[in-house]
**Q** 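I have a structure I would like to understand better, so I am pasting it below and will then ask my questions one at a time.
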Number of protein chains: 2
Amino acid sequence: MTERTYSISDLSREFDVTARAIRFYEDKDLIQPMREGQRRIYTARDRVRLKLILRGKRLGFSLSEIKDILDLYDTDMGESRQLELLLDKIEERRRALEAHRRDIDLTLAEMDDLERQCRENLKERAGAD
Amino acid sequence: MTERTYSISDLSREFDVTARAIRFYEDKDLIQPMREGQRRIYTARDRVRLKLILRGKRLGFSLSEIKDILDLYDTDMGESRQLELLLDKIEERRRALEAHRRDIDLTLAEMDDLERQCRENLKERAGAD
DNA sequence: GCCTTAGTTTACGTGAACGTAAACGTAAAG
DNA sequence: CTTTACGTTTACGTTCACGTAAACTAAGGC
């Protein structure tokens, strides 16, 4: 079984990012595709990494923060000391993400409020007609 | 009852942003403090706006997106047509925020996975001692 | 009167995350 | 053989969100 691979424009199309951006991520050491001569060859694993990068971006993380997160997945599971450190980092990430979610929930609650005010106003208007 | 006001450095201290940043937000039309001569005077309402700005930033929104959001709160509740538009914009925001939250939940799930793998590995290790 | 503290405007500098243009290689299609 | 599609490196340009420095004003303390 030979694993499927992707060209840079395959990924560019699929995720709607420019090839320039993908190369930039490589330059910043977030992906390391293989080469076939000059050409970059992306494996399924690289594709997942790119997906994670873009999700990180949507979440407002900087590329260097995203790199830190990606590095979590690459931790050498062979050494117990590394595993302990990894658990700590996971906890930290989790806390950050949960704070992030609280911000979102606050904003959603305010949208609810605003919508309610809005609808009440419209209802009054309808009555006064 | 005279409402409490704040100086730029009051807010700067409270929210741990530089005065420069606060003035920058004003320049971009996100806050409009009153003046007392030259000096900027911030009301409780301005303070809330700043709080919203900073939350928007934590959520990864650009200043212009944040301005759009802040403008929602300023909609003229007097005109029905405005209210309908506002309801639409609120819906759009809500959708964006919920997508955002899904991204977070996905990442949290992956952190769970990673943690589980990590703990299993540690457990095996303990058994093999 | 002088110093300190807090604030002001104006303007140039900076780091991150790419965009864009130039100049070139390679391989398949007509 | 030339065109077309796809890829490459190098390098300068751009936008956003401020940082930083300069030169100034205005109020309060000694």
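A, B, ... follow the sequence lines: proteins, then strands. Residue 1 opens every chain.
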**Q** Please tell me if B/Thr18 has a side-chain N or O lying less than 4.0 Å from either OP1 or OP2 of D/dC18.
**A**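 Indeed not, no polar side-chain atom of B/Thr18 lies that close.
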
**Q** Whole angstrom is fine here: how far is it from CD1 in A/Ile8 over to C1' in C/dG25?
**A**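 Those two atoms, CD1 and C1', are 16 Å apart.
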
**Q** For the pair made of CZ in A/Arg39 and P in C/dG25, what is the distance, rounded to whole Å?
**A**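 Those two atoms, CZ and P, are 13 Å apart.
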
**Q** Assess whether one donor atom and one acceptor atom, taken from the side chain of B/Arg20 and the base of D/dT20, lie less than 3.5 Å apart.
**A** yes

**Q** Do B/Leu30 and B/Arg49 come close enough that some side-chain heavy atom pair is under 4.5 Å?
**A**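 The answer is no; the side chains never approach within 4.5 Å.
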
**Q** Heavy atoms under 4.0 Å, any strand shown: does A/Arg23 hit a base, just sugar-phosphate, or nothing?
**A**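 Base: the residue A/Arg23, judged by heavy atoms under 4.0 Å, touches a nucleobase.
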
**Q** Over how many whole Å does the gap from A/Glu36 atom CD to C/dT26 atom P extend?
**A**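 A/Glu36 atom CD is separated from C/dT26 atom P by 14 Å.
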
**Q** Think A/Ser9 has a side-chain N or O under 4.0 angstrom from the OP1 or OP2 of D/dG7?
**A**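 For D/dG7, OP1/OP2 do have a side-chain N/O of A/Ser9 under 4.0 Å.
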
**Q** Could you tell me the separation between the CZ atom of A/Phe24 and the C1' atom of D/dT10, rounded to a whole number of Å?
**A** 15 Å

**Q** What is the distance, rounded to the nearest whole Å, between atom CZ of A/Arg35 and atom P of C/dG25?
**A**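 Answer to the nearest Å: 17 Å.
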
**Q** Using the ring of A/Phe15 (Phe, Tyr or Trp, six-membered ring only), decide whether A/Arg58 places NZ or CZ under 6.0 Å from its centre and within 45 degrees of its axis.
**A**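 Ring-cation test returns no.
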
**Q** When you get a sec, tell me which of D/dG7, D/dC18, C/dG7 is the closest nucleotide to the side chain of A/Ser7?
**A** D/dG7

**Q** Sub-3.5 Å donor-acceptor pair from the side chain of A/Asp10 to the main-chain atoms of A/Ser7, do we have one?
**A** yes

**Q** Can we say A/Asp113 and A/Arg116 salt-bridge, meaning some charged N sits less than 4.0 Å from an Asp/Glu carboxylate O?
**A**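 So A/Asp113 pairs with A/Arg116 through a salt bridge.
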
**Q** Using a cut-off of 4.0 Å on non-hydrogen atoms, how would the nucleic acid contact of B/Lys28 be classed: base, sugar-phosphate, or nothing?
**A** nothing

**Q** Select base, sugar-phosphate, or nothing to describe what A/Ser64 touches, counting heavy atoms under 4.0 Å on all strands.
**A** nothing

**Q** Between B/Arg35 and B/Glu26, is the salt bridge (Lys or Arg N to Asp or Glu O under 4.0 Å) condition met? List the steps.
**A** CA-CA 12 Å; B/Arg35 297 286 178 135; B/Glu26 180 178 349; 3.2 Å; yes

**Q** Using atom NZ of A/Lys57 as one end and atom C1' of D/dC16 as the other, report the distance to the nearest whole Å.
**A**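 My rounded result for the distance is 12 Å.
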
**Q** Would you tell me if any nitrogen or oxygen in the side chain of A/Tyr25 comes within less than 4.0 Å of OP1 or OP2 on C/dC18?
**A**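 Yes, such a contact exists.
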
**Q** Starting from C1' on C/dG7, measure out to CD1 on B/Ile41 and report it in whole angstrom.
**A** 11 Å

**Q** Provide, to the nearest angstrom, the distance between the CZ atom belonging to B/Arg40 and the P atom belonging to C/dG7.
**A** 11 Å

